[in-house]
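A short worksheet on the structure shown next.
Note that this is a predicted model, so its numbers are computed, not measured. Numbers restart at 1 for each chain; the letters A, B, ... are given by sequence-line order, proteins then strands.
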There are 2 protein chains.
Amino acid sequence: MIPKRREEEIRVSDSTVRRLSAYYRILAEFVERKETTISSYDLAEGSGATPARVRKDLSTFGQFGKRGTGYDPRQLLAEIRSILGLDRKWRVGLVGAGNLAHALVAYKEFEREGFVIEAVFDNDPAKIGQLWGKLLVEPMERLGSLSRERKLTIGIIATPAGAAQDVAERLVGAGIQGILNFAPRKLTVPDHVTLKNVNLAIELEGLSFALK
Amino acid sequence: MIPKRREEEIRVSDSTVRRLSAYYRILAEFVERKETTISSYDLAEGSGATPARVRKDLSTFGQFGKRGTGYDPRQLLAEIRSILGLDRKWRVGLVGAGNLAHALVAYKEFEREGFVIEAVFDNDPAKIGQLWGKLLVEPMERLGSLSRERKLTIGIIATPAGAAQDVAERLVGAGIQGILNFAPRKLTVPDHVTLKNVNLAIELEGLSFALK
DNA sequence: TCGTGTGAACGAATTCACAGCG
DNA sequence: CGCTGTGAATTCGTTCACACGA
């Protein structure tokens, strides 16, 4: 209802952002089911948080609820969409045209949230020129020119570990603002570029530790 | 050097486990390069932690370093391998034979750390019977019998969201101990089964928030 | 001397508990 | 009354700083 003024320089932790993502998905379900209210208890149950935590998270950004009633799913969904920056289109370039890239291109969730893969690059002649849906697999040489031409803002690295740092530098050189790295290698990028890493092995190691 | 007695019921946070995974990879590089020592500063730099944090993390499990010198990479690698439970073989069943599954089967890191994919399942007749390297794509009906036959302990769900809960229940029924879920759906499993979720969209949403 | 191991200090995240409002 | 919004209390994770031993 009353969003907080943006200039207050709110500090938001990484875990808060991850929870907002979780709330976002629960809200989408509630809207889908045409529910007219949702409580912090509902959001807590679906996301694994506590009701107090949910309310604290939301209150960071404004006062969106009605006391005694709860939140309006449709409205809160819109608020969180805006908070997460999902109310705009993100043009994404995907580097490395392997199986993981294939999976990412096929991942419906991305498009739904405004992440549109606008280009796929690889340096394997056997892959260059392949048609992936509407996308043509492009040679690495075109990364710079196409990034600018198609106004890409996010790059996804889905190459083998050995190529990752080089690819990151090319992406930075092409003016990309954020990088999502799936290669199991620590990358170095300038401060003005945001880097997120996903390491599939870490999750399995977490399971291994828990089961041991 | 002196590992801590295990019965002390040490509480280890999720973030500690994730950092141990990071140290593990740095140590593997040091061993590869035949370095004879590694300090908490080296481990901190490579993992994004602080030296104090590294030492605290390690001291949770024992005293592995030499004062004034550092740690022996080979020895510390072995310790962490044991702590993470990577000193044994984990037999993994993969459900859903799509592109993501393909990527996971091809992911070299898994095998290297003891995670061996022993079976792949799908319910699509077009996929059943396909040969993936040495693996035959099996029909879902065989999940129970094959899980037991091949002593699978971990199940990976790489199906569409709609099938995930059903698959999880079949895995639980087949006696699996841990589940790694890639489907964007909240799953319910009994307490004795460990569940880890990986949601590819969450990471992109984090980027979106940071860039907005 | 150098870097570990660790209690103590600190800061961040979470939970408690209740005032406030529909 | 029911559920939000939020200070206060608490728990948990991190950093500091230094004693200790190689």
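Judged by distance alone, with hydrogens and angles left aside, A:Lys56 brings a side-chain donor or acceptor within reach of the base of D:dG7, the pair sitting under 3.5 Å.
If you check D:dT14, C:dG5, D:dT4 against the side chain of A:Ser40, the one that comes closest is D:dT4. Side-chain proximity of B:Arg67 to C:dC16, D:dC20, D:dC16: nearest is D:dC20. Here D:dG5 is the nucleotide among C:dT15, D:dG5, C:dT4 with the atom lying nearest to any side-chain atom of A:Arg55. You'll find that the side chain of B:Tyr41 is closest to C:dG3, out of C:dG3, D:dT15, D:dT14. Of all nucleotides listed (D:dA22, D:dT15, C:dT14), C:dT14 comes nearest to the side chain of A:Ser15. Closest to the B:Ser39 side chain, of the nucleotides D:dC3, C:dT14, C:dT4, is C:dT4. Comparing D:dT4, C:dA13, D:dG7 by their nearest atom to the side chain of A:Ser13 picks out C:dA13.
Using a 4.0 Å cut-off, some side-chain N or O of A:Arg53 falls inside it from OP1 or OP2 of C:dT14. Taking only side-chain nitrogens and oxygens, A:Tyr71 never comes nearer than 4.0 Å to OP1 or OP2 of C:dG22.
Across the interface with DNA chain D, nearest-nucleotide mapping of B:Ala52 and A:Thr69 shows A:Thr69 to be the residue nearer the 5′ end. In terms of position on DNA chain C, the residue among A:Gly68 and A:Asp14 whose nearest nucleotide sits closer to the 5' end is A:Asp14.
Across the protein-nucleic acid pair, B:Asp72 atom CG and C:dG3 atom C1' stand 15 Å apart, rounded to whole Å. If you measure from atom CG of B:Asp57 to atom P of C:dG3, you get 19 Å, rounded to the nearest angstrom. Atoms CD1 (B:Ile38) and C1' (C:dT4) sit 14 Å apart, rounded to a whole Å. Across the protein-nucleic acid pair, A:Gln63 atom CD and D:dG5 atom C1' stand 7 Å apart, rounded to whole Å. Computed from coordinates, the A:Leu58 CG to D:dT6 C1' distance equals 13 Å when rounded to whole Å. In this structure, A:Leu43 places its CG atom 12 Å from C1' of D:dT4, rounding to the nearest Å. Between the CZ atom of A:Phe64 and the C1' atom of C:dG22 there is a distance of 18 Å, rounded to whole Å. Rounded to an integer number of Å, the gap from OH of A:Tyr23 to P of D:dT4 is 12 Å.
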Does the pair B:Asp57 and B:Tyr23 meet the rule for a side chain to side chain donor-acceptor pair (under 3.5 Å), with working shown?
-> CA-CA 10 Å; B:Asp57 282 340; B:Tyr23 306 155; 2.7 Å; yes
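In this structure, A:Phe61 and B:Phe209 have perpendicular ring planes: the angle between them is above 60°, well past the 30° mark. Ring orientation note: the planes of A:Trp90 and A:Phe115 are close to parallel, at an angle under 30° on the 30°/60° scale.
Proximity of a side-chain donor or acceptor of B:Thr159 to a complementary backbone N or O of B:Gly96 within less than 3.5 Å is not detected.
With contacts defined as side-chain heavy-atom distances shorter than 4.5 Å, the pair A:Met140/A:Arg170 qualifies.
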